[in-house]
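Let me give you the structure first, and then I'll get to my questions.
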Amino acid sequence: MEILVCVKRVPDTAENEIEVNGDGSDIERDDLVYSVNEWDNYAVEEAIQICEKVGGSVTVVTVGDDESEEVLRREMAMGADNGLLLCDEAFEGIDGKQTATLLKAAVAKGKYDLILTGAQADGGAGQVGGMLAAMLDVPYASLVNTIDVDGDKLKVGREIEGGNQEMNDISMPCVLSIQTGINEPRYVGIRGIRKVASVEIPELSASDLGVDLGDAKVKRQDYFVPEIGEGAEMLEGSSEEIIAKLIELLKVKGGLK
Amino acid sequence: MADIYAYITHTGGVAGDSSLEMVNTAKKIDAGAAVTAIVTGSGADVDKVADEAAASYAKVLKFNTDALAYPNAEVVRKLLINVLPKNAIILIPHDTFGMDLSPGLSIKLDSAFVADVVGIEEVDGTSMKVIRQEYSGMVSTHVTVDISNGAVVNVRPGAFIPDESKSVGGTVEDKSGDAGDLSVNRTFLELVEAEVGDVDITKEDVLVSVGRGIEDEDNLEIADDLAKAMGAVVSCSRPIVDAKWLEKSRQVGTSGQTVKPKVYLACGISGSFQHMGGIKGAPFIVAINKNVKAPIFQVAEVGIEADILDFLPELTEAIEGL
Ligand SMILES: Cc1cc2nc3c(=O)[nH]c(=O)nc-3n(C[C@H](O)[C@H](O)[C@H](O)COP(=O)(O)OP(=O)(O)OC[C@H]3O[C@@H](n4cnc5c(N)ncnc54)[C@H](O)[C@@H]3O)c2cc1C
Ligand SMILES: Nc1ncnc2c1ncn2[C@@H]1O[C@H](COP(=O)(O)O)[C@@H](O)[C@H]1O
């Protein structure tokens, strides 16, 4: 099976405090630690596991800048066979639909049975996979947490509210967005990264892809930190003082038995 | 202004909470709009939900056919493509169904898509300014959406105040005959219910809940110790379950359990909306986090800026000494 996995390089929210810069035009990018979007890492692991079972190859693709190459390499160190970097100055500030348009053009250059995305990335939109499927006119299932290959069909589970699971048959080719927890992504060590350090990763520009992006319909104007309600009453003082205050509050609220 | 539609989700013959919330979303877009609700499904439930929706929406379009018995987003998308006029603005809850349905719908309608909207600021001609959040709610953004070709707007559940007035007295039109071709290449098979675990966190009064801030499986011990001292039970956020450190039945949130404790200790949890969506009944929330900017501090009653790996053992010791 030929599988394409869409991956994005994002600020690692587990490692960073995301803060708005001085004029609200961006987040503070200095000293940010970047990594592959958490959901995409599960998607790559799933693709590798499928190919280990039924054969085939995994290609990872990203729309980004020069620095995005590092996430492709990381996922190749994990076991993806090929990387593909879509990179052009014209891609700055594009919206989800334009990202999907570029990915569609990349899909047209190969022949894929299955395309995986993450359920969502740093913007919390969860849009690129569903858009790509519609552009390709193939079926889509989001929030997938189990995949079983059954000939030219897949049996997929979608995680829905309450942790319940919705089972579906879906024909290939198709696009699936992957939910975290579907597998346990393998560890990538320095050695693995070194092994793929000199592998050539093809790079395609807007003109290579032959797409006219048009204008973004959805544009971010600024970043800000909202004032929501009162906020928490912060307990201050030494840790003994804080603990004493907290214990008093817990007693009143029924938190201690 | 384009016509505004709202897609009504429902289970067991009762409309979802979003149906009343989207009434107010629509008002923010166009205060005087006569909004049309769309109700799909099969059997008597659909009739009930359509009547319920008519109390809040000027017009309800009802689609009652076997193909819509289960809300398979692929089928519902096809229906909406068949029946929505060009340039429509359609509101859809940003839940696991809306996430499945909407991005592709916007492509097929050639309209704009904006996900997980938490506020509508203004509409100026063909530009709609909305509020979203990024980076798990750590920052907010104003986003402009070009609605000249219509828009698919996914609305965060709970972000808009429900309109309880139910005084519109709208009409229900049975449009089942107009549904058109609904054949798709994805078939719904069955629902598999979440497994029941060893403890039922939904019945507990006091929860010590741990998130990614616990850092390592071995550190769960300090949460267990604290819970034991308090007479509480340990629950968690999603990454802890993804890492297989705790059972799924311990997960609090939209894709986990809905809990209604009296006291909720959020330890190393950032406070994403999917996590907070599983906490009901306005408990006394104490947030312990080493990042003062974590969104959890906006919703907690009491906050403590601390490293949980140091703080929890100290708290346990103090409680044990009482
Ligand atoms: C469809 C869907 C459904 C979802 N359903 C759920 C759900 O049901 N439940 C759920 O929880 N999530 C759910 N999520 C995931 C959700 O979006 C977040 O990713 C998740 O809630 C984050 O968990 P967290 O707060 O533990 O981790 P993070 O967001 O990484 O936060 C960790 C926090 O710990 C703090 N911290 C780190 N180290 C320490 C320390 N030593 N001491 C003190 N503080 C520390 C950090 O400052 C940070 O605030 C869902 C996502 C999707 C897309
Ligand atoms: N710039 C990008 N390059 C490649 N894939 C992307 C990009 N942006 C988003 N995706 C894919 O789409 C998924 C959902 O992202 P989003 O729609 O931005 O929330 C991600 O998990 C990726 O798989």
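Here the structure is a predicted model, which is why all the values come from computation and not from measurement. A, B, ... follow the sequence lines: proteins, then strands. Residue 1 opens every chain.
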Crowding at CG, B/D110 (>12 non-hydrogen neighbours, <6.0 Å): yes

Does any backbone or side-chain atom of A/D215 lie under 4.5 Å from a heavy atom of chain B? Answer side chain, backbone, both or neither. neither

Kindly compute the distance separating CG (A/L114) from CE (A/M1), expressed to the nearest 0.5 Å. 6.0 Å

May I ask you to check if B/R156 and B/F273 form a cation-pi contact, with NZ or CZ under 6.0 angstrom from the six-membered ring centre and within 45° of the axis? yes

Heavy-atom pairs under 4.5 Å with chain B, option from A/G130, A/S142, A/G24 with the top count: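 Answer, by heavy-atom pair count under 4.5 Å with chain B: A/S142.
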
Under 4.5 Å, counting heavy-atom pairs only, tell me which of A/E184, A/Q165, A/E240 racks up the most with chain B. A/Q165

Just to verify, which of B/T96, B/T254, B/T258 counts as forming a side-chain hydrogen bond (donor to acceptor under 3.5 Å, both in side chains) with A/E161?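 For A/E161, the side-chain hydrogen bond (donor to acceptor under 3.5 Å, both in side chains) check succeeds only for B/T96.
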
Residue pair A/Y140 / A/C174, side-chain heavy-atom distance below 4.5 Å: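 SC-SC contact between A/Y140 and A/C174 ruled out.
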
Main-chain N/O of B/K293 paired with B/N291 side-chain donor or acceptor, under 3.5 Å: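 Yes; judged by distance alone, with no hydrogens or angles, the pair exists.
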
When A/R158, A/K97, A/E17 are compared by non-hydrogen pairs under 4.5 Å with chain B, the top option: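 That would be A/R158.
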
Under 4.5 Å from a heavy atom of chain A, the part of B/V184 involved: neither

One option among A/V218, A/T180, A/I243 has the most heavy-atom pairs under 4.5 Å with chain B, and it is A/T180

With a 4.5 angstrom heavy-atom cut-off, could you sort out which part of B/I131 is near chain A: side chain, backbone, both or neither? side chain

Heavy-atom proximity to chain A below 4.5 Å, by part of B/A287: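 Nothing of B/A287, per the 4.5 Å heavy-atom cut-off to chain A.
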
What residue, out of A/D122, A/D137, A/L250, has the most heavy-atom pairs lying under 4.5 Å from chain B?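 When all of A/D122, A/D137, A/L250 are compared, A/D122 has the most.
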
Out of A/Q179, A/K153, A/K217, which one racks up the most heavy-atom pairs below 4.5 Å with chain B?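 Highest number of pairs under 4.5 Å: A/K217.
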
Between B/M99, B/R77, B/K262, the one whose heavy-atom pairs under 4.5 Å with chain A are most numerous: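 Maximum pair count with chain A is reached by B/M99.
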
Value for CG (A/D222) from OG1 (B/T141), rounded to nearest 0.5 Å, stands at 7.0 Å

Which bit of B/E305 is near chain A, if near means a heavy-atom gap under 4.5 Å: side chain, backbone, both or neither?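 Both backbone and side chain.
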
B/I147 versus chain A, the contacting section by heavy-atom distance below 4.5 Å: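 Contact with chain A is absent: no heavy atom of B/I147 under 4.5 Å.
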
Side chains of B/E320 and B/T316: any donor to acceptor distance under 3.5 Å?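 Checked: B/T316/B/E320 side chains show no N/O donor-acceptor pair below 3.5 Å.
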
Among side-chain atoms of B/R186 and A/S171, is any donor-acceptor pair under 3.5 angstrom?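 Not at all, the side chains of B/R186 and A/S171 share no donor-acceptor pair under 3.5 Å.
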
Give, as side chain, backbone, both or neither, the part of B/I285 having an atom under 4.5 angstrom from any heavy atom of chain A. neither

Interchain contact, B/F297 with chain A, by part (heavy-atom threshold 4.5 Å):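 B/F297 touches chain A through backbone and side-chain heavy atoms alike.
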
A/I160 versus chain B, the contacting section by heavy-atom distance below 4.5 Å: both

Bottom line for B/V241: the part with an atom under 4.5 Å from chain A's heavy atoms is neither

Please classify the contact of A/A141 with chain B as side chain, backbone, both or neither, using a heavy-atom distance under 4.5 Å. both

Does any heavy atom of chain B fall under 4.5 Å from the side chain of A/L154, the backbone, both, or neither of them? neither

Do A/D169 and A/V156 make a side-chain contact, defined as non-hydrogen atoms from C-beta onward lying under 4.5 Å apart? no

Are more than 12 heavy atoms from other residues, nucleotides or ligands located less than 6.0 Å from atom CG of A/D23?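 Yes, because the 6.0 Å sphere around CG of A/D23 holds more than 12 heavy atoms from other groups.
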
Separation between OG of B/S111 and CG of B/N149, rounded to the nearest 0.5 Å: 7.5 Å

Quick one: what part of A/K253 sits under 4.5 Å from any heavy atom of chain B, side chain, backbone, both or neither?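 It is both, since atoms from each part get that close.
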
A/I182 portion near chain B, given a 4.5 angstrom heavy-atom threshold: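 Contact with chain B is absent: no heavy atom of A/I182 under 4.5 Å.
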
To the nearest 0.5 Å, tell me how far B/S237 OG sits from B/M276 CE.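 The OG atom of B/S237 sits 11.5 Å away from the CE atom of B/M276.
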
A/E236, part contacting chain B, at a heavy-atom distance under 4.5 Å: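 For A/E236, no heavy atom lies under 4.5 Å from chain B.
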
Given the options B/V143, B/V192, B/V263, B/V206, which has more heavy-atom pairs under 4.5 Å with chain A than any of the others?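 Greatest number of close heavy-atom pairs with chain A: B/V192.
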
To the nearest 0.5 angstrom, please state how far the OG1 atom of A/T99 sits from the CD1 atom of A/I94. 3.5 Å

Name the option with the most non-hydrogen atom pairs under 4.5 Å to chain A; the candidates are B/R212, B/K129, B/E195, B/Q274. B/R212

Looking only at the side chains, is there a donor atom on one of B/S209 and B/Y264 sitting less than 3.5 Å from an acceptor on the other? yes

Heavy-atom distance under 4.5 Å to chain A: side chain of B/D100, backbone, both or neither? both

Short side-chain to backbone donor-acceptor contact, B/S249 and B/V196, under 3.5 Å: no

Do you know which of B/A112, B/P103, B/A115 has the most heavy-atom pairs with chain A at a distance under 4.5 angstrom? B/P103

Applying a strict 4.5 Å limit to non-hydrogen atoms, the region of A/A125 in contact with chain B is both

Ranked by heavy-atom pairs below 4.5 Å to chain A, first place among B/Y70, B/Y135, B/F97 goes to B/Y135

Relative to chain B, which segment of A/N183 carries a heavy atom at a distance below 4.5 Å: side chain, backbone, both, or neither? backbone

Given that the side chain runs from C-beta out, which part of A/L235 has a heavy atom under 4.5 Å from chain B: side chain, backbone, both or neither?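 It is both, since atoms from each part get that close.
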
With a 3.5 Å cut-off and no angle check, do the side chains of A/Q120 and A/W39 form a donor-acceptor pair?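 No, A/W39 and A/Q120 have no side-chain donor paired with an acceptor closer than 3.5 Å.
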
Heavy-atom distances under 4.5 Å only: say whether A/K245 touches chain B with side chain, backbone, both or neither.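 Neither part; nothing is under 4.5 Å.
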
Heavy-atom cut-off 4.5 Å, strictly under: side chain, backbone, both or neither for A/I18 against chain B?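 Both parts, heavy atoms under 4.5 Å.
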
Heavy-atom pairs under 4.5 Å with chain A - which of B/L207, B/T187, B/D146 has more of them than the others?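 Going by pairs under 4.5 Å, I would pick B/T187.
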
When you check the side-chain N and O atoms of B/T202 and B/Q257, is any donor under 3.5 Å from an acceptor?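 No - no donor-acceptor pair under 3.5 Å links their side chains.
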
To the nearest 0.5 Å, what is the distance between OG (A/S177) and CG (A/L132)? 11.5 Å

